[in-house]
Amino acid sequence: MPELPEVNTFKIYFEKTALRQRIKKTVVHDDKIFRNISGGDFEKKLTGRTFIDTYRRGKYMFGKLDNNKYVQFHFGMTCDFKYYSDIADKPRHERFVFIFENGFRLGFDCPRKFARINYIENLDEYIARINLGTDALEISEAEFLKKIKNKKGTLKGFLLNQKNIAGMGNLYVDETCYQCRIHPASRLDKIPLKKKKEIFDKMQNILQRALDERPHYKGYPPDWFWQWREEGKLAPDGKSKVEKTEVAGRTTYFAKGWQRLY
DNA sequence: TGTGATGTTGAATG
DNA sequence: GCATTCAACATCAC
């Protein structure tokens with residue numbers, strides 16, 4: 001499910017399928033996932049247009065239209081694109097679909113309707129308004145350290161907040177904490193600078209590797225690197241066991257003993 | 001049958 | 001202004 005690397009995979013999929021194809025018709029089946037526009041208006045705005053570029057920042061993907069406006073795709077927890085030509089392949093929870101002149105369709109499949117679709121007139125103004133942080137793979141160490149400085153709260157809460165850094169989700173946060181041997185509930189003001197730098201490095205390494213693997217939530221390899229995320233599983237020291245708890249309001253796995261609480 | 005799930009937001013509280 | 005907690009969103013899988 002979509003955190004930064006998964007959204008990047010959606011972006012690649014979108015580029016391979018929808019880019020530079022004129023939209024003959026747009027059909028909205030369900031208004032609910034649109035935030036700043038009605039389904040009817042979305043149909044009108046998108047019909048006859050062509051996507052000419054894409055941009056991703058954290059978990060947000062934007063499709064640039066040939067009139068220099070953008071469509072924001074946010075995939076919530078369960079959404080996905082599907083490109084198909086046979087109507088029998090229509091995804092079960094398709095909320096809207098672009099029908100291209102070649103007869104193929106790009107459907108937006110979204111079971112839980114947690115997605116957020118917006119029509120954006122001015123991208124820079126929009127990103128500034130929602131105060132979206134710098135992409136987790138783009139952010140520099142200096143900016144990361146500056147953001148984290150003078151903050152209290154938990155490490156996990158910080159990493160999950162998209163206004164700080166855009167792109168980290170529950171799984172990658174747990175993974176980063178595990179690899180850094182730090183408890184996700186550690187207080188930011190107690191973590192030494194050296195450790196913060198390590199967190200930054202590991203975060204980017206993990207995201208980059210995941211992105212290179214092009215993960216897709218329906219097709220994660222069975223030996224994927226977060227497989228330790230199970231209760232009772234052993235850490236590399238052979239004795240610390242993984243426990244399940246809640247940090248920053250989210251289900252959290254960590255290896256007690258292996259991961260130090262600051 | 002009940003419960004929780006890879007996300008975000010807004011309201012309420014401290 | 002911050003940090004935290006909670007509810008809401010809607011569906012599926014176990």
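Labels below follow one simple rule: chain letters A, B, ... track the order of the sequence lines, proteins then strands, and each chain is numbered from 1.
For the P atoms, the distance linking B:dT1 with C:dC9 amounts to 23 Å, nearest Å. To the nearest whole angstrom, the two P atoms, one in B:dT3 and one in C:dA7, are 14 Å apart.
Using a 4.0 Å cut-off between a side-chain N of Lys or Arg and a carboxylate O of Asp or Glu, A:Asp189 and A:Lys151 do not qualify as a salt bridge. Classification of A:Arg49 and A:Asp66 as a salt-bridged pair holds, one side-chain N sitting under 4.0 Å from a carboxylate O. Classification of A:Lys82 and A:Asp109 as a salt-bridged pair fails, no side-chain N sitting under 4.0 Å from a carboxylate O. The existence of a salt bridge linking A:Glu198 and A:Lys195 is confirmed by a sub-4.0 Å separation between a basic side-chain nitrogen and an acidic carboxylate oxygen. One finds a salt bridge joining A:Arg22 and A:Glu101 here, because a Lys/Arg side-chain nitrogen approaches an Asp/Glu carboxylate oxygen to under 4.0 Å.
Using a 4.0 Å cut-off, some side-chain N or O of A:Lys59 falls inside it from OP1 or OP2 of B:dT8. At C:dA13, none of the side-chain N or O atoms of A:Arg112 fall inside 4.0 Å of OP1 or OP2 (strictly under the cut-off). Taking only side-chain nitrogens and oxygens, A:Lys32 comes nearer than 4.0 Å to OP1 or OP2 of C:dA10. Put simply, A:His74 has a side-chain N or O that comes within less than 4.0 Å of OP1 or OP2 on B:dT8. Under 4.0 angstrom from either OP1 or OP2 of B:dA5 there lies at least one side-chain N or O belonging to A:Lys244. Distances shown here put every side-chain N or O of A:Gln162 at or beyond 4.0 Å from the OP1 or OP2 atom of B:dG7.
The aromatic ring of A:Tyr172 does not sit over the base of B:dT6, since the test of centres under 5.5 Å and planes under 30° is not met. The aromatic ring of A:Phe114 stacks onto the base of B:dG7, its centre lying under 5.5 Å from the centre of the six-membered base ring with the two planes under 30° apart.
Across A:Met168 and A:Leu160, no two heavy atoms sit closer than the pair O-CD2, 4.1 Å.
For A:Tyr253 and B:dA5, the OH to P distance is 6 Å, given to the nearest whole Å. As a whole-Å value, the separation of A:Ile206 CD1 from B:dT6 P is 17 Å. The CG atom of A:Asp80 sits 17 Å away from the P atom of C:dT11 (whole-angstrom rounding). A:Asn161 places its CG atom 15 Å from the P atom of C:dG1, with the value rounded to the nearest Å. Rounded to whole angstrom, the span from the CE atom of A:Met168 across to the P atom of B:dT8 amounts to 12 Å. At whole-Å resolution of the value, CD1 in A:Ile148 and P in C:dC2 are 16 Å apart. Distance A:Asp189 CG to C:dC2 P: 15 Å, rounded to the nearest Å. Rounded to a whole Å, the NZ atom of A:Lys163 is 9 Å from the C1' atom of B:dT8.
Contacts of A:Gly249 with the nucleic acid, taken as non-hydrogen atoms under 4.0 Å apart, are absent. Nucleic acid contact for A:Phe158: none, since no nucleic acid atom lies under 4.0 Å from a heavy atom of the residue. Nucleic acid contact for A:Arg92: sugar-phosphate only, since backbone atoms but no base atoms lie under 4.0 Å from a heavy atom of the residue.
Candidate nucleotides B:dT6, B:dT9, C:dA3 were compared by shortest atom distance to the side chain of A:Arg250, and B:dT6 ranks first. The listed nucleotides are B:dT6, C:dT4, C:dA10; the one nearest the side chain of A:Asn170 is B:dT6. Nearest to the side-chain atoms of A:Thr251 among the listed nucleotides B:dA5, C:dT11, C:dA3 stands B:dA5. Closest to the side chain of A:Leu171, out of C:dA10, B:dT6, B:dT8, is B:dT6.
Annotation: A:Phe75 is in aromatic contact with A:Phe108 [ring centroid separation under 6.0 Å]. Taking the six-membered ring for Trp, A:Tyr70 and A:Tyr126 have ring centres at least 6.0 Å apart.
The ring pair (Phe, Tyr, Trp, His ring centres under 6.0 Å) test with A:Phe51 is passed by exactly one of A:Phe81, A:Phe98, A:Phe62: A:Phe98.
Using cut-offs of 30° and 60° on the angle between ring planes, the pair A:Phe96 and A:Phe73 is parallel.
Within residues 129-144 of chain A, no residue places a heavy atom under 4.0 Å from DNA chain B.
No donor-acceptor contact under 3.5 angstrom links the side chains of A:Thr26 and A:Glu43, judged on distance only.
Where DNA chain C pairs in unbroken runs of 3 or more (Watson-Crick or G-U, both distances under 3.5 Å), the stems are B:2-5 with C:11-14, B:7-14 with C:2-9.
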